[in-house]
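Below is one structure, written out as structure tokens; comments come after it.
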Amino acid sequence: MIDATTAKALVGLGAICAFGISAICSAIGCGLAAASAIGSWKRCYVQGKPAPFQLTIFSGVAMTQTIYGLILMLQILNLNTDFWPSALGVGILGGLGIGASAIYQGRAAAGACDSFSETGQGFANNLIALGVVETIAIFTMVFSMMFLNNLAATA
């Protein structure tokens, strides 16, 4: 058995993992998409074509996963310290699930940048595809919160 201070610290560690992992992966996803946007703009300038501003939107789509990590972090912080193993597990695995969505959304957004800058078409279709990838992060956050709420109900 661990003492109350250690249990509280482990709940906090789970909470910061949910946020931190999500934020790190959001930065990676945004960086991947932004690098592609910058390269696409360069290509447009070289070809004498207008540089589409919409690529800025693609660059930032993976940023929302940071918010999902924040919401999950706040939910974990409200958990009874008796459930510290669950808080730690949900924080790490939830952060990884949300974060994986951010990284792959960034990779997909990089493809969207390339496609849209080349053709000037498919902006809405690209956003829909990026939304599908984002849905995994939303599911991870919601199902993690449902699990934590069920734990809290048993306390």
Quiz item: Taking all atoms of both residues into account, what is the closest heavy-atom pair of Ala62 and Ser26, and its distance?
Solution: O-OG, 2.9 Å
Quiz item: Nearest heavy-atom pair of Ala7 and Trp84: which atoms, and what distance?
Solution: O-CB, 3.7 Å
Exercise. Say whether Glu134 and Tyr104, considering side chains only, have a donor N or O and an acceptor N or O under 3.5 Å apart.
Key: no
Self-check item: For the student: nearest non-hydrogen atoms of Ala110 and Ser36, plus distance
Solution: O-OG, 2.8 Å
Practice problem: Return the minimal non-hydrogen interatomic distance between Arg43 and Asp114, and the atom names on each side. | Solution: NH2-OD1, 2.9 Å
Quiz item: If you look at every heavy atom in Leu55 and Ser117, which pair is closest and at what distance?
Solution: CD1-CB, 4.1 Å
Quiz item: Given the rule that I, L, V, M, F, W and Y join up when any side-chain heavy atoms are under 4.5 Å apart, are Leu70 and Phe147 in one cluster?
Solution: yes
Exercise. Treating Ile, Leu, Val, Met, Phe, Trp and Tyr as nodes and any side-chain heavy-atom pair under 4.5 angstrom as an edge, say whether Phe53 and Leu127 lie in one connected cluster.
Key: no
Quiz item: Once you round to the nearest 0.5 Å, how far does NZ of Lys8 lie from CG of Leu13?
Solution: 14.5 Å
Quiz item: In the single-linkage hydrophobic clustering (I, L, V, M, F, W, Y; side-chain heavy atoms under 4.5 Å), do Ile28 and Ile38 co-cluster?
Solution: no
Practice problem: Indicate the ring-plane relationship of Phe123 and Phe58, choosing parallel, tilted or perpendicular according to the 30° and 60° boundaries. | Solution: tilted
Quiz item: Going only through I, L, V, M, F, W and Y residues with side-chain contacts under 4.5 Å, is there a path from Phe19 to Leu10?
Solution: yes
Quiz item: Do Asn149 and Gln75 meet the criterion of a side-chain donor-acceptor pair at a distance under 3.5 Å?
Solution: yes
Quiz item: Are Met63 and Val61 connected, step by step, through hydrophobic side chains (Ile, Leu, Val, Met, Phe, Trp, Tyr) whose heavy atoms are closer than 4.5 Å?
Solution: no
Quiz item: Can you check whether Trp41 reaches Val46 side chain to side chain, under 4.5 Å on heavy atoms?
Solution: no
Practice problem: Compare all side-chain heavy atoms of Ile71 with those of Met145 and state whether any distance is below 4.5 angstrom. | Solution: yes
Quiz item: Atom CZ in Phe143, atom CD1 in Ile138: separation rounded to 0.5 Å?
Solution: 11.0 Å
Quiz item: Are Ser22 and Gln65 linked by a side-chain donor-acceptor pair shorter than 3.5 Å?
Solution: no
Practice problem: Please test Gln121 against Phe116 for side chain to side chain contact (heavy atoms under 4.5 Å, CB included), starting from the C-alpha separation and ending with a verdict. | Solution: CA-CA 6 Å; Gln121 298 178 343; Phe116 188 75; 5.7 Å; no
Quiz prompt | side chain to side chain contact (heavy atoms under 4.5 Å, CB included) assessment of Phe83 paired with Thr154 | solution = CA-CA 11 Å; Phe83 298 113; Thr154 63; 3.8 Å; yes
Quiz item: How many angstroms lie between OG1 in Thr64 and CG in Leu130, if you round to the nearest 0.5 Å?
Solution: 10.0 Å
Practice problem: For residues Ile21 and Leu96, report the shortest heavy-atom separation together with the two atoms involved. | Solution: CG2-N, 3.7 Å
Practice problem: Start with the C-alpha gap between Met73 and Leu77, add the side-chain angles, then the distance that decides, and say whether side chain to side chain contact (heavy atoms under 4.5 Å, CB included) holds. | Solution: CA-CA 6 Å; Met73 177 188 79; Leu77 286 173; 4.3 Å; yes
Exercise. Please assess Val133 against Ile136 for the test side chain to side chain contact (heavy atoms under 4.5 Å, CB included), listing each intermediate value before the final yes or no.
Key: CA-CA 6 Å; Val133 180; Ile136 302 304; 5.7 Å; no
Quiz item: Considering residues, nucleotides and ligands other than Lys49, do more than 12 of their heavy atoms fall under 6.0 Å from its NZ?
Solution: yes
Quiz item: Which value, rounded to the nearest 0.5 Å, describes the distance between Thr6 atom OG1 and Asp3 atom CG?
Solution: 3.5 Å
Quiz item: How long is the gap from CD1 on Ile57 to CG on Asn126, to the nearest 0.5 Å?
Solution: 11.5 Å
Quiz item: To the nearest 0.5 Å, what is the distance between OG (Ser86) and CG (Leu148)?
Solution: 7.5 Å
Quiz item: Given side chains that start at C-beta, do those of Cys30 and Ser59 come closer than 4.5 Å, heavy atoms only?
Solution: no
